[in-house]
Amino acid sequence: MARITPRHEDYSQWYLDVIREAELADYAPVRGCIVFRPYGYAIWENIQAAVDRRFKAHGYRNAYFPLFIPYSFIQKEKEHVSGFSPELAVVTIGGGETLEEPLVVRPTSETIIGYMYAQWIQSYRDLPLRINQWCNVVRWEKRTRPFLRTLEFLWQEAHSVFATYEEAEEEALRVLDLYTDFAVEDAAIPVVQGRKSEAEKFAGALRSYTIEAMMGDGRALQSATSHNLGQNFSRAFEIRFLDAQNQMQYAWTTSHGLSTRTVGAVIMAHGDDKGLILPPRLAPIQVIVVPIWKSDEERSRVLETCEQVRRMLGPEIRMEVDAREEYTPGWKFNEWELRGVPLRIEIGPRDVAERQVVLARRDQPGAPGKRVVPMEGLLDAVHETLSAIQADLYQRALAFHKAHTHYPETYDQLREAVADGFAWAWWCGSPECEAKIKADTTATNRCIPLEQPDGRGRCIVCNEPASEMAVFARAY
RNA sequence: CGGGGCGUGGCGCAGCCAGGUUAGCGCACCACGUUUGGGACGUGGGGGUCGUCGGUUCGAAUCCGACCGCCCCGACCA
């Protein structure tokens, strides 16, 4: 029987229990690696579809670059090599023979894509160039956690090239908006858009932008990143072009990524003690139909009605009929609630006789979430209810986010704030003050939000004048 | 990689301290029957070299050592 530790008892255990019981993933025989089971992978496929659609609308095309990167490529960009060296997986033997040059299993693809871009770009007329790839990457992390941090993970990485700094900067912010739109509209998760501090930015970036989401325990999860790489990689890989004045210029590049960690974000942002709650837009099964019967005669009538419902909803709704005979309706109710299916339709003999069905919302367990609707017009009622669930999940997450967002004015208040959620505080910008907070509280500087309050303040640590607020939080 | 905890059928655990016949329990699984509007019940079954390797002993799940893995708290990170 499904056994899920209550969140208040042990949040980490709750997270792991949900993943196991909902059959999202299982541990692989290699440390730090997971198997994406079909139900978990289906969530990722829906995330992929939602993100891919947006990238294509922004002018991106998909391509695929190799898994293996020559070791020397990683070393060409100074900060990139120091940032990624500790976590590289390196292949030194191929076909039984020691390789002349070791191959890195990509931790990210700026280098190999930069190498190719250098060959493809000659003129300003070749710009802008926007390419995205869906792939796996490997980072040899010390400490792993299913979905949130695994040795191998799946993601999309988009890489673009522009003629000017301004265009690259604009792109970094545009794609950040793209991710934000996905998070809000599809994942139903509110996020803080911001800029990473120097200490937290991507290795090799001029500037990194992030969206930070709040999990159910108040901790932050960096949910997507968008980097303005400046000319760092174009200089390292000689990505140059002739401008309209026939002058040779180094290009300006950007990169952007969103990973399978997003599956973990969905689990932790919406789940409750009964298990998963999936936003309808990302749910592999949006509607589960549970038939109820006693006699064989009732069974055939009820199942016939289920098939009518399938014909009405099937073309537009991801739905299944759970006609298994070995489980009782009550068991199925709990099972599908654990798996986070947003809407359940119950159909029994009474409903068949009345030409009606019962709709039960996952996000409102028990009687309050149930209502009887006529078969006539069922498709519209289901669409409306799914939309309402999608909207309500976002509102609930937003209310939680706000309730756990604090504006401490003293260092002691900051300590208390980061124990509960996000702390917005004035920060002078110095790495020392940032490091002190991390050392004292384990909370890190998540970002400098793009939307800043008016006025100025004094640094929460050193009391020097500060022109910007930063968000501090404990993070995954 | 440091600190703490834990490895016993698929899941959750007991047994270990005080070594001794066929290693138990709940759930899950298989068969049959009765059930089915919020996790049904009966009867009968199947499944474990007790994380791995080595040591002590007449005898090891139990004692000793090493290693491996997992979880939690840190340092590192999407």
Side-chain angles (χ1 to χ4, degrees), chain A residues 1-5 10-13 15-17 20-21 23 26-34 82-88 107-108 137-157 179 196 199-203 208 210-213 220-227 255-265 274-275 290-296 298-299 302 322-338 344 346-352 357-358 360 365-367 369-370 372 435 438-439 441-442 444 474-476:
Chain A
M1 204 58 62
R3 196 197 65 83
I4 295 181
T5 306
D10 185 340
Y11 194 83
S12 289
Q13 193 59 54
Y15 176 73
L16 296 167
D17 288 345
R20 185 188 66 243
E21 294 297 333
E23 298 181 346
D26 203 353
Y27 290 105
V30 178
R31 178 192 80 85
C33 295
I34 59 169
S82 63
F84 279 103
S85 284
E87 53 188 47
L88 293 179
T108 179
V137 290
V138 168
R139 298 181 187 179
W140 217 261
E141 301 288 352
K142 299 273 190 259
R143 190 174 162 200
T144 58
R145 195 191 296 265
F147 292 119
L148 300 181
R149 182 168 295 104
T150 47
L151 291 199
E152 177 190 9
F153 58 93
L154 309 181
W155 74 348
Q156 56 76 219
E157 50 177 324
Y179 287 137
K196 284 290 188 186
E200 299 281 340
K201 76 175 188 188
F202 176 75
S208 288
T210 176
I211 51 175
E212 298 286 328
L221 186 75
Q222 179 176 318
S223 303
T225 49
S226 186
H227 312 292
S255 68
H256 322 270
L258 176 144
S259 75
T260 38
R261 128 181 301 194
T262 306
V263 177
K274 298 181 77 123
V290 177
I292 298 158
W293 67 77
K294 287 190 174 67
S295 65
D296 281 352
E298 284 178 348
R299 176 170 165 273
V302 166
D322 185 357
R324 290 177 295 177
E325 309 219 6
E326 63 270 33
Y327 296 112
T328 63
W331 193 94
K332 291 175 184 175
F333 294 169
N334 285 283
E335 165 83 356
W336 293 113
E337 281 166 1
L338 164 61
R344 180 177 71 240
E346 304 172 12
I347 304 177
R350 295 203 296 271
D351 305 306
V352 172
V357 300
V358 175
K370 287 196 184 190
V372 177
K438 188 172 177 179
T441 70
T442 78
T444 49
R474 300 195 307 135
Y476 278 101

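Lettering of chains follows the sequences in order, A, B, ..., and the numbering in each one begins at 1.
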Select base, sugar-phosphate, or nothing to describe what [X] touches, counting heavy atoms under 4.0 Å on all strands.
{"X": "Val290(A)", "answer": "nothing"}
{"X": "Arg31(A)", "answer": "sugar-phosphate"}
{"X": "Arg324(A)", "answer": "nothing"}
{"X": "Phe202(A)", "answer": "nothing"}
{"X": "Glu346(A)", "answer": "base"}
{"X": "Ser12(A)", "answer": "sugar-phosphate"}
{"X": "Gly257(A)", "answer": "nothing"}
{"X": "Asp351(A)", "answer": "base"}
{"X": "Ser85(A)", "answer": "nothing"}
{"X": "Leu16(A)", "answer": "sugar-phosphate"}

Smallest separation among heavy atoms of Phe153(A) and Ser259(A), with atom names
CD1-CB, 3.7 Å

Determine the minimum heavy-atom distance between Ser295(A) and Trp293(A), stating which atoms define it.
O-CD1, 3.8 Å

Looking at the base of [N], is there any donor atom on it, or on the side chain of [X], that sits under 3.5 Å from an acceptor on the other one?
{"X": "Lys332(A)", "N": "G37(B)", "result": "no"}
{"X": "Arg20(A)", "N": "G10(B)", "result": "no"}
{"X": "Glu337(A)", "N": "G38(B)", "result": "yes"}

Do the side-chain N or O atoms of [X] get closer than 4.0 angstrom to the phosphate oxygens (OP1, OP2) of [N]?
{"X": "Tyr27(A)", "N": "C71(B)", "answer": "yes"}
{"X": "Lys196(A)", "N": "A78(B)", "answer": "no"}
{"X": "Arg143(A)", "N": "C73(B)", "answer": "yes"}
{"X": "Thr328(A)", "N": "G39(B)", "answer": "no"}
{"X": "Arg261(A)", "N": "C77(B)", "answer": "no"}
{"X": "Tyr11(A)", "N": "C71(B)", "answer": "no"}

Charged N to carboxylate O under 4.0 angstrom, Arg20(A) versus Asp17(A)?
yes

Can you identify which nucleotide, out of [options], has its nearest atom closest to the [X] side chain?
{"X": "Gln222(A)", "options": "G37(B), A78(B), C71(B)", "result": "A78(B)"}
{"X": "Arg145(A)", "options": "A78(B), C29(B), C73(B)", "result": "C73(B)"}
{"X": "Tyr327(A)", "options": "G37(B), C29(B), C76(B)", "result": "C29(B)"}
{"X": "Arg474(A)", "options": "G37(B), C76(B), G74(B)", "result": "G74(B)"}

Can you tell me the Watson-Crick or wobble partner of [N], both distances under 3.5 angstrom?
{"N": "C17(B)", "value": "none"}
{"N": "A40(B)", "value": "U34(B)"}
{"N": "C11(B)", "value": "G26(B)"}

Roughly how far apart, to the nearest Å, are G42(B) and C58(B) at atom C1'?
47 Å

Quote, to the nearest angstrom, the C1' distance that separates G15(B) from G24(B).
8 Å

Can the positive tip of Arg344(A) be found less than 6.0 Å from the middle of the six-membered ring of Phe333(A), inside 45° of the ring normal?
yes

Just the rounded figure in Å: distance from P of U35(B) to CD of Glu298(A).
12 Å

Want to settle it: does Gly32(A) or Ala367(A) sit nearer the 5' end of RNA chain B, counting the closest nucleotide to each?
Ala367(A)

Upstream residue (5' side of RNA chain B) when Phe153(A) and Val30(A) are each assigned their closest nucleotide:
Val30(A)

Just wondering, do [Y] and [X] contact through their side chains at under 4.5 Å, heavy atoms?
{"X": "Glu335(A)", "Y": "Tyr327(A)", "value": "no"}
{"X": "Gln222(A)", "Y": "Glu200(A)", "value": "no"}
{"X": "Ile347(A)", "Y": "Val352(A)", "value": "yes"}

